[in-house]
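Numbered from 1 within each chain, the chains take letters A, B, ... in sequence-line order.
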Amino acid sequence: MRYYVDGEDRPATEPQGTPQLPPWGETRVVGKPLSRVDGYERVSGTAMYTLDVALPDMLHAAIVRCPHAHARVTKVDTSRAEKMPGVRAVLTGTTPGADLPWYFGEQGPTSKLFDPHCRYAGEEVAAVAAETPHQARDAAQAVVVEYEVLPFVVDPDAALKPDAPKVHEGGNRLGDPRVTQRGDVQAGFAQADMVVEGSYRTPCELHTTMETFVSVTRWEGDRLTVWESTQGVYATREGLARTLGLPLSSVRVICPYMGGGFGSKFEVGKYTVIAALLARMTARPVKAALSREESFLSEGNRPANLITLRAGAKKDGTLTALQGSFTGVVGAYPSGGTAAFQVLALYRCPNVRVEESDLYLNAGKARAFRAPGFPQCNWALEQLMDDLAQKLGMDPVDLRLKNLTTVLQMWGNPPFTSTGLGECLTRGAEAFGWQAARARPRGAGPVVRGVGMAAGMWGYPGEPRSTVIVKLYPDFSVNLNMGASDIGTGTKTVMAMVVAEELGVPLARIQIEHADTGTTQYAPVSGGSQTVLVNAPAVRAAAADVKGQLLEIAAGEMNCSAGDLVLADGKVARADSTGEPKPVTDLRGLQERQVLVGVGRRHPHPQGKVGLPFAAQFAEVEVNRRTGEIRVIRLVAAHDSGRVMNLKTYENQVFGGMTMGIGFGLTEQRLLDPQTGKMANANWHDYKIPTAKDVPLEQTCVPVDPHDTECNTTGAKGLGEPATIPTAAAIANAVYHATGVRVTEAPITPMSMLELLAVPKGGE
Amino acid sequence: MTRRRGSKGDGKGLSRRDFLGSVGASTVGAALTVAAPPLTAAEPAPQQEGLTPVALRINGRAERVLVEPRWTLLDVLRERLGLTGTKDGCERGECGACTVLIDGTARYACLVLAVEAEGREITTVEGLMNGEALGPVQAAFVEADGFQCGFCTPGQVMAAEGLLRKQPHPSLEEIREGMSGNLCRCGSYRHIFEAVRRAAEARG
Amino acid sequence: MLPTFTYVRPKTVAEALEQGAAEGAALHAGGTDLLGCLRDRVFQAGKIVSLSGLSELRGIAATREGGLRIGALTTLAEIAEHATIQERYPALAQGAASAASPQLRSQGTLGGNLCQRPRCWYFRGDFHCLRKGGGRCYAVAGQNQFHCILGGMGCYIVHPSDTAPALIALGAQVRIVSRGSSRLLALESFFVPPAQTVRRENVLRPGELVSEVRLPPAPAGMRSRYRKVRARGSWDFALAGVAVAAVLAEGKVQQVRVVLSGVAPIPWRATEAEAALVGKPLDADAIGRAAAASVAGAQPLSHNGYKIHLVRGIVAETLEALV
């Protein structure tokens with residue numbers, strides 16, 4: 001399996017084997033719609049996010065950024081800034097210790113912390129630390145930087161031309177295209193009764209998390225403690241330790257609450273290292289918090305994609321060939337820009353060829369963003385399938401049902417441990433009233449309605465590496481100690497429910513320690529839709545370990561063997577119901593030890609099989625043909641993400657993913673000024689994310705649970721990313737159904753809708 | 001970490017420069033060396049000049065603070081008074097994370113100068129609590145799972161409180177309209193509407 | 001972060017005018033636009049003159065003539081929720097209700113809404129553009145999807161106000177007070193097109209302020225509406241909007257005003273559209289002609305041609321809704 005993080009592919013090295021715990025049958029706690037265990041903290045304002053951290057003696061950092069799309073720094077004059085009120089330190093590329101490599105490509109580092117060669121507007125040039133945030137900003141503005149402005153390129157089509165300004169010495173393409181193929185596409189197209197093709201474009205999209213990017217760093221001698229708004233304290237620790245040349249044991253990263261990541265917070269940001277260096281220089285803690293406007297420039301994005309796709313099928317809808325070329329516009333430094341996975345894997349097709357390549361641009365570098373590459377690919381693939389269905393005279397749902405597969409058609413063709421895609425399609429269609437809605441007249445007047453759908457899947461089975469500790473206290477309350485972050489998906493709640501399921505301890509008696517590298521154990525980043533499927537089995541194993549130890553102790557005190565005993569309702573009893581159940585708190589062995597420590601590790605992935613989630617989403621839209629306004633009237637999402645761990649948080653996640661899909665499909669795009677290369681819409685009004693009035697009141701979630709007993713010991717698969725993968729394409733297909741206009745370039749705005757509607761249609 | 005009240009240190013107090021000076025310039029790894037000694041401030045005590053006293057009423061308490069005219073109510077709440085429940089999302093009135101009530105009306109604290117907030121009744125999310133217990137709007141948000149990462153949540157709760165004080169029984173459409181000044185990037189809108197509906201019921 | 005400034009809060013209008021006349025002074029009404037401009041360094045303001053102490057600038061009251069007087073510090077929320085305005089001047093209530101977000105409407109004032117600076121992202125951004133005293137307009141060859149199709153000359157902003165078109169359609173006047181005098185002028189004359197100068201959007205001089213807006217009595221049978229189209233359902237300024245106020249009698253249009261927002265540097269009276277309606281029944285024919293006439297003379301830039309279709313669409317739709 002490959003999954004890219006920060007431009008690096010992670011190869012599959014995880015061992016394969018069989019897990020030990022039997023699958024759950026009927027569960028008592030897991031699956032229920034329980035309120036979050038930390039809801040109190042979030043709604044009361046007591047939850048401490050990194051932005052809220054205030055340490056005694058703390059300084060504030062502000063960063064000086066290059067205003068040009070492409071320039072060389074020729075002089076940095078900090079003399080005025082140094083004398084300004086409250087300034088305690090100034091950091092530039094020539095400050096000792098600040099000459100650090102950054103942005104790694106396949107051949108090693110391609111840049112530095114403060115690179116005198118700036119390749120996008122917003123790139124970091126220097127930083128100051130001062131007593132207050134205002135003083136820091138004032139001083140940053142007083143740093144005078146001289147630049148030699150260079151020719152830039154911010155248009156992807158222009159960047160592809162041979163005479164384009166070069167972002168890097170080797171030209172604007174990152175190496176040769178990556179080709180993945182199977183079968184013989186030429187033969188496949190020759191066999192087809194119908195061939196369709198299309199060209200599609202998706203915009204650059206920004207994460208715009210509610211809490212921007214922020215770090216608080218504090219040294220104690222040679223040990224560094226960092227509060228960081230991160231999705232993975234262990235990833236941040238590893239990155240910081242590597243960058244600063246410290247042992248892992250000298251870096252502690254803490255993040256109990258974080259205000260959104262969506263992939264933007266897997267890795268160490270420059271602002272964190274800047275804060276650490278300033279803290280070192282001043283011997284005081286330093287907080288570096290990016291402003292909203294800054295957050296749009298330098299902390300990653302979903303790269304624009306230029307996609308051409310071609311599909312061939314028989315009259316009955318059976319796919320015979322799929323071919324595509326994908327260009328990801330990754331920005332100024334190496335990164336992964338595309339993911340053709342769904343073309344290769346979503347539908348059964350013997351002949352497939354995809355080419356993927358990445359393009360540099362003088363703009364902020366791409367970064368993982370909720371299902372990296374997948375919504376872009378889905379936008380193209382699912383509109384092409386919709387087109388194919390129409391030309392074949394087939395219902396779009398039937399076309400998908402015709403081409404289902406139970407096997408991953410690459411990497412040795414492992415079968416899926418489960419695939420509920422067929423059920424997602426049929427049950428989703430039923431919940432939506434698909435047949436009736438498709439048959440309904442669109443409307444004869446200026447306002448028309450239409451319905452569309454899209455299927456999708458996510459391609460990362462997770463990094464099966466997590467160690468969890470569960471501690472049982474003598475009063476039968478519990479401590480759950482895990483490294484995983486809860487980025488808003490309800491991780492803490494779900495994991496507590498797993499403990500409750502295994503031990504019968506109520507949620508109110510579970511204490512959770514998490515997301516602190518100083519006091520917990522390794523978990524991978526909370527991202528890639530892997531958090532539940534990676535950590536829940538480890539939690540289960542740790543709780544089972546505690547239970548095992550408890551039953552051993554009880555066996556000794558009840559004169560039997562542990563295998564004869566069961567734990568229920570806080571008591572140990574004989575499985576054959578003979579004798580008196582003994583309250584756990586009465587066990588002498590537990591009271592003597594005062595704690596039982598259970599350790600659980602995530603078991604390996606199943607041998608020769610792969611667990612991946614699937615989805616089908618359905619949308620109804622209303623289009624005002626006179627004004628171009630598009631309103632999403634209702635959405636239905638049918639998801640196979642394995643076992644539903646908590647129905648409340650599951651639904652919220654699905655609705656949230658669809659909301660983000662509305663942004664991708666209808667409202668969001670980064671716009672760069674062609675004359676200067678600077679971002680034109682660098683504020684939260686002009687970069688438009690969906691508001692409460694842009695989402696339908698009617699949103700329905702249909703969970704499809706295939707009762708997968710092989711993917712892992714909890715039966716759960718990923719949810720966060722599948723929730724957003726097919727939404728935009730479903731909306732685009734609905735717009736087509738309503739208007740007869742296929743919009744191949746996202747987002748579909750009233751502006752683009754009007755222009756497309758104004759184009760006279762031939763042959764109608 | 002506990003909720004903080006009261007002014008935080010103004011940069012004075014124990015200086016750790018002395019400690020590090022005595023420990024010595026230890027080099028940790030090749031990449032990091034101790035840099036030049038920290039800059040000395042050439043200016044007078046930085047906090048006292050250009051400051052205006054302002055009397056604020058926050059959650060029923062009188063607070064007297066010295067502010068620069070350019071400090072917003074949000075700056076004062078978070079940086080001076082330790083009331084970090086109110087969040088900072090954009091400082092431009094474009095997201096709603098900083099929503100507070102001013103004389104019972106939902107407003108963006110980031111667009112209110114502290115000096116303009118004098119004489120008004122300001123309520124923050126901390127002010128909706130009943131001691132340590134959640135107020136009814138807050139409880140409704142928990143029940144309806146009206147949040148994910150939670151960063152927009154105090155602002156949403158305050159907007160809901162402001163809406164319900166004006167319109168105690170809003171329709172779903174009115175709820176959506178009333179909450180349209182608060183972004184949620186996690187996309188919890190559907191659950192937020194449900195939370196407000198439940199809160200309206202709970203308030204009677 | 002905001003730059004440093006001093007702050008005064010005068011107790012009388014006279015004092016406010018005095019303070020406001022100083023070099024580098026800026027008036028603070030609701031502050032929703034002012035703070036944004038200061039944050040973006042659109043202009044320098046060393047002294048903020050708060051109007052919040054001036055109660056005579058607040059309030060909505062009937063005028064002797066049977067119209068309405070709205071104090072400049074009245075918030076958009078107060079206007080949107082005012083029963084008389086909703087009943088007699090619905091275009092104004094709808095315009096106010098369609099602006100911004102609920103929290104901003106509770107803070108933003110009518111005076112501020114009329115006097116707000118343009119939203120052009122070059123004007124607001126780190127570009128030394130024509131309107132800020134620089135040498136060029138970046139919109140012409142740049143990202144101009146939100147710029148004007150009418151009335152542009154050298155500068156191609158659109159006026160962002162939703163209340164101004166409604167007020168002009170309703171025949172409003174604005175009172176400007178300066179030291180020692182005050183004058184009342186038609187709101188239409190308040191706004192300054194780039195053909196006159198690109199350095200200001202309205203006629204206000206330092207040392208002056210808008211004190212009130214006056215609406216004439218609503219003629220019997222007058223209907224009005226404001227329709228705004230935007231990319232998102234909240235916060236967004238208009239891609240285009242139209243305010244229509246018409247008096248129909250005996251099945252025909254006696255008087256009508258059609259004023260566009262989001263298409264020109266000033267609220268734009270679509271006089272050709274009006275001419276196509278006066279004396280005619282408000283039927284599909286007249287509406288179609290009015291819609292086409294509303295974009296007469298439009299000169300789109302490279303990315304905003306859609307506004308031509310959009311304006312035609314909303315003019316037609318809004319006229320239909322009046323029937």
(request) Answer yes when B/Arg92 and A/Glu293 have at least one side-chain N-carboxylate O distance shorter than 4.0 Å, and no when they do not. (result) yes
(request) Report, by ascending residue number, the residues of residues 161-171 of chain B in heavy-atom contact with chain A at a distance under 4.5 Å; give 'none' if the set is empty. (result) none
(message) What part of A/His207 gets within 4.5 angstrom of chain B, counting heavy atoms only: side chain, backbone, both, or neither?
(response) backbone
(request) List the steps and the verdict of side chain to side chain contact (heavy atoms under 4.5 Å, CB included) for A/Met660 and B/Arg185. (result) CA-CA 7 Å; A/Met660 202 166 252; B/Arg185 188 41 158 168; 3.8 Å; yes
(message) Quick check on the interface: out of A/Gly663, A/Gly656, A/Ala276, who has the most heavy-atom pairs with chain B under 4.5 Å?
(response) A/Gly656
(request) Heavy-atom pairs under 4.5 Å with chain B are the metric here; pick the option from A/Thr212, A/Asp694, A/Thr659, A/Asp486 that has the most. (result) A/Thr659
(request) Verify side chain to side chain contact (heavy atoms under 4.5 Å, CB included) between A/Phe262 and B/Cys186, making sure each step is shown before the conclusion. (result) CA-CA 9 Å; A/Phe262 314 114; B/Cys186 295; 3.8 Å; yes
(message) Need one label for A/Ser291: side chain, backbone, both or neither, based on atoms under 4.5 Å from any heavy atom in chain B.
(response) neither
(message) Applying ring pair (Phe, Tyr, Trp, His ring centres under 6.0 Å) as the test, list every pair that has at least one member in residues 129-148 of chain B; sequence neighbours left out.
(response) none
(message) Are B/Gln148 and A/Asn652 packed together at the side-chain level, in the sense that at least one heavy-atom pair is separated by less than 4.5 angstrom?
(response) yes
(request) Spell out, as yes or no, whether a donor-acceptor pair under 3.5 Å connects the side chain of B/Lys87 to the backbone of A/Asp52. (result) no
(request) Would you please test A/Glu651 and B/Asp145 for side chain to side chain contact (heavy atoms under 4.5 Å, CB included) and show each step? (result) CA-CA 10 Å; A/Glu651 272 195 358; B/Asp145 203 45; over 6 Å; no
(message) Quick check on A/Ile487 against chain B: is it the side chain, the backbone, both or neither that has a heavy atom closer than 4.5 Å?
(response) backbone
(message) Please identify, among A/Gln653, A/Met658, A/Arg370, the residue contributing the most non-hydrogen atom pairs under 4.5 Å to chain B.
(response) A/Gln653
(message) Can a donor-acceptor pair be found, under 3.5 Å and without considering hydrogens, that links the side chain of A/Arg42 to the backbone of B/Cys149?
(response) yes
(request) May I ask you to test the B/Cys90-A/Asn683 pair for a side-chain heavy-atom distance under 4.5 Å? (result) no
(request) Could you tell me whether the side chain of B/Leu134 reaches within less than 4.5 Å of the side chain of A/Tyr40, counting heavy atoms only? (result) yes
(request) May I ask you to name which of B/Gly89, B/Gly181, B/Ala97 has the most heavy-atom pairs under 4.5 Å with chain A? (result) B/Gly89
(message) Are the side chains of A/Leu697 and B/Arg176 in contact, using a 4.5 Å heavy-atom criterion?
(response) yes
